[in-house]
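These values consider heavy atoms only, across backbone and side chains, with no hydrogens, waters or symmetry-generated copies.
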Amino acid sequence: MSQLFTSSTIPLSFEPHDGHNAYSHRKPPPTGTDSLDEVEGAPLWQYMLAGGLGGVVGDSAMHSLDTVKTRQQGFPYNKKYKNMIPAYRTILKEEGFFRGLYGGYTPAALGSFPSTAAFFGTYEFSKRKLIDDFGVNETLSYFTAGVLGDLASSVFYVPSEVLKTRLQLQGKYNNPYTRECGYNYRGLWNAIISIYHKEGLRTFFFGYKETLFRDLPFSALQLTFYERFRQLAIYYNHGSTDLPVPVELFTGAAAGGFAGVLTTPLDVIKTRIQTATNLSDLNDSITLRNTNNPIVKLFNKNATLRALVSIYRHEGIFGAFSGVGPRFIWTGIQSSIMLLLYQVSLKQLDTIFGDEKKLEA
C-alpha cells in the first residue's frame, strides 16, 4: 500500500480489537448468545475509517523526511542533499519548515485518507473471503489481499504522489534553490492546471507501474517481516498477544524499515519517472542502435528499465539507493505510528458502536 501508502499505504496484520483471531480459519458460528457479527469482527467501514485516520497521521508526521528523500533522489548530483541530516538542516534554513520541508503536503494529505481507507477496506474484505469462503492458505491470503488492497488504493495515491513529489522537489514558488527541477508552480491548483494543459492527463499517472512495482513488493515484505517479528515478540511475552506499546511500535518500525530499504531502488525509479517533465529524458540510457535486437526493443519500450539503466550508468549501484536513510526512517516510523493508531481507532470504534449495538439488542 502507498507508502500507500502513497503516500505510501502499508498492509499490516493486527490482532483484532474484539479479541477474535481474524487471521486464522474461523470455526462455524457457535450456537448460543454469540452473534455472527462478533465472530466476523468489526464492520468494514470501521477498518476503513481507522486505516484512513492512521494513514493521515502517520504520513503527516513523516512528511518532512519524505521531502528530504525526494530531494536526494531528484537531485542526485547536488551535494547539499547527499546526506540526510545536513540536507534536512539545509532545507529548513534556506526554505523554511512549511514551504520547504512540508512542501507538497496538501496533495499528500488529500490522497492519504482515501487511499489508506480503500486499502484497508479491500484488504479486510479480500482476506475474509479468501480465508473464510475459499479456505485459502493464510499466508497466501494475506499476500493476495495486500496486493488487491494496493491496487485499489493506487487509484487515489498515484496522482497525489505525482503532485506531491513535484511540489516537494520544487519547494515554494520561484524557489532560487531548486530551479534545476524544471518546473515552477504557484501552488497545488496551478500545478494541476499546468500539468493537465502542458503534459496531458496521463502525466498524473506517470510512474504508475513503477509505483506498483515498489509498493506491491514492499507490502509483501513488510507483512512477512511484521508477522515474523510479532510472533517472536509474543513468544518472548510468554505467549500473550497483549504486547506492550513499545514492543508494538518496534515490531512495526522494524518491519516497515527493512522493507523500505529493500525496495529503495524501486522507489528511486518511481521518483525519477514521476518528476521527469518528459519520458524522453530517460532515453539517453539506451543506445538506440540495432533496433532489431529484442533486448534493445524491450528497453526502449519500458520506462522502468530505461530509468534503471540510466541510474546505474550515471551514478552506479549507490545511485539506486539514493535516499535510503530517510526512507528507512520514514517507512519504519510511519509504519509504527500507523499500526498503533489503527489499533487504538479500532478499539475506540468498537467501544462506541459495540455499546450502541448492545443497547439496541
Quick check on the 6.0 Å ring-centre criterion: do [X] and [Y] meet it?
{"X": "Y81", "Y": "F75", "result": "yes"}
{"X": "W45", "Y": "F353", "result": "yes"}
{"X": "Y185", "Y": "Y183", "result": "yes"}
{"X": "Y47", "Y": "F125", "result": "no"}

For the residue pair [X] and [Y], confirm or rule out a side-chain donor-acceptor distance under 3.5 Å.
{"X": "T67", "Y": "Q168", "result": "yes"}
{"X": "N175", "Y": "E95", "result": "yes"}
{"X": "Q46", "Y": "D350", "result": "no"}
{"X": "T178", "Y": "R71", "result": "no"}

* Greater than 12 external heavy atoms within 6.0 Å of F318's CZ -> no
* Is the count of non-hydrogen atoms from other residues, nucleotides or ligands lying under 6.0 Å from F98 atom CZ greater than 12? -> no
Minimum heavy-atom distance [X]-[Y], with the two atoms named:
{"X": "G252", "Y": "S335", "answer": "O-CB, 3.4 Å"}
{"X": "S153", "Y": "A118", "answer": "CA-CB, 4.2 Å"}
{"X": "G58", "Y": "I337", "answer": "CA-CG2, 3.9 Å"}
{"X": "V268", "Y": "A320", "answer": "CG2-O, 3.3 Å"}
{"X": "V162", "Y": "F204", "answer": "CG2-O, 3.3 Å"}
{"X": "E315", "Y": "P76", "answer": "OE1-CB, 3.4 Å"}

When you compare the side chain of [Y] with that of [X], does any pair of heavy atoms fall below 4.5 Å?
{"X": "N78", "Y": "Q72", "answer": "no"}
{"X": "F97", "Y": "L92", "answer": "yes"}
{"X": "L249", "Y": "L340", "answer": "yes"}
{"X": "E124", "Y": "F120", "answer": "no"}
{"X": "L110", "Y": "S160", "answer": "no"}
{"X": "M84", "Y": "L65", "answer": "yes"}

Nearest-0.5 Å distance that lies between atom [atom1] in [X] and atom [atom2] in [Y]:
{"X": "T144", "Y": "K129", "atom1": "OG1", "atom2": "NZ", "value": "15.5 Å"}
{"X": "D267", "Y": "T331", "atom1": "CG", "atom2": "OG1", "value": "9.5 Å"}
{"X": "F205", "Y": "T203", "atom1": "CZ", "atom2": "OG1", "value": "11.0 Å"}
{"X": "L266", "Y": "L212", "atom1": "CG", "atom2": "CG", "value": "11.5 Å"}
{"X": "W189", "Y": "L163", "atom1": "CH2", "atom2": "CG", "value": "11.0 Å"}
{"X": "L49", "Y": "L44", "atom1": "CG", "atom2": "CG", "value": "12.5 Å"}

Is the backbone of [Y] close enough, under 3.5 Å, to the side chain of [X] for a donor and an acceptor to pair up by distance?
{"X": "R327", "Y": "G260", "value": "yes"}
{"X": "T251", "Y": "E248", "value": "yes"}
{"X": "S240", "Y": "N237", "value": "no"}
{"X": "S112", "Y": "A109", "value": "no"}

Please answer: with hydrophobic residues joined when any side-chain heavy atoms are less than 4.5 Å apart, are [X] and [Y] in the same cluster?
{"X": "Y177", "Y": "V68", "answer": "no"}
{"X": "Y235", "Y": "F250", "answer": "no"}
{"X": "I193", "Y": "L167", "answer": "yes"}
{"X": "M48", "Y": "V57", "answer": "no"}
{"X": "L201", "Y": "L188", "answer": "yes"}

* To do: Kindly state each residue pair satisfying side chain to side chain donor-acceptor pair (under 3.5 Å) with at least one member in residues 84-94, sequence neighbours excluded.
  =>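 Found S64-Y88, K80-E94.
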* State which residues pass side-chain contact (heavy atoms from CB on, under 4.5 Å) with F258; sequence neighbours excluded, sorted by chain then number. => F225, F229, A254, F328
* Using the test salt bridge (Lys or Arg N to Asp or Glu O under 4.0 Å), find all partners of K82 that sit at least two apart in sequence or belong to another chain. =>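 Expected list: none.
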* **salt_bridge(D66, K164) N-O dist < 4.0 Å** =>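 Judged by the 4.0 Å cut-off on N to carboxylate O distance, D66 and K164 do form a salt bridge.
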* Asked: Is any NZ, NE, NH1 or NH2 atom of the basic residue among K127 and D132 found under 4.0 Å from an Asp or Glu carboxylate oxygen of the other?
  -> no
* **Step-by-step ring-ring contact (aromatic ring centres under 6.0 Å, His included) determination, F119 to Y157** => CA-CA 10 Å; F119 169 79; Y157 72 73; 9.5 Å; no
* To do: Go through D59 and M338 one step at a time and tell me if the side-chain contact (heavy atoms from CB on, under 4.5 Å) criterion holds.
  => CA-CA 8 Å; D59 288 345; M338 184 176 179; over 6 Å; no
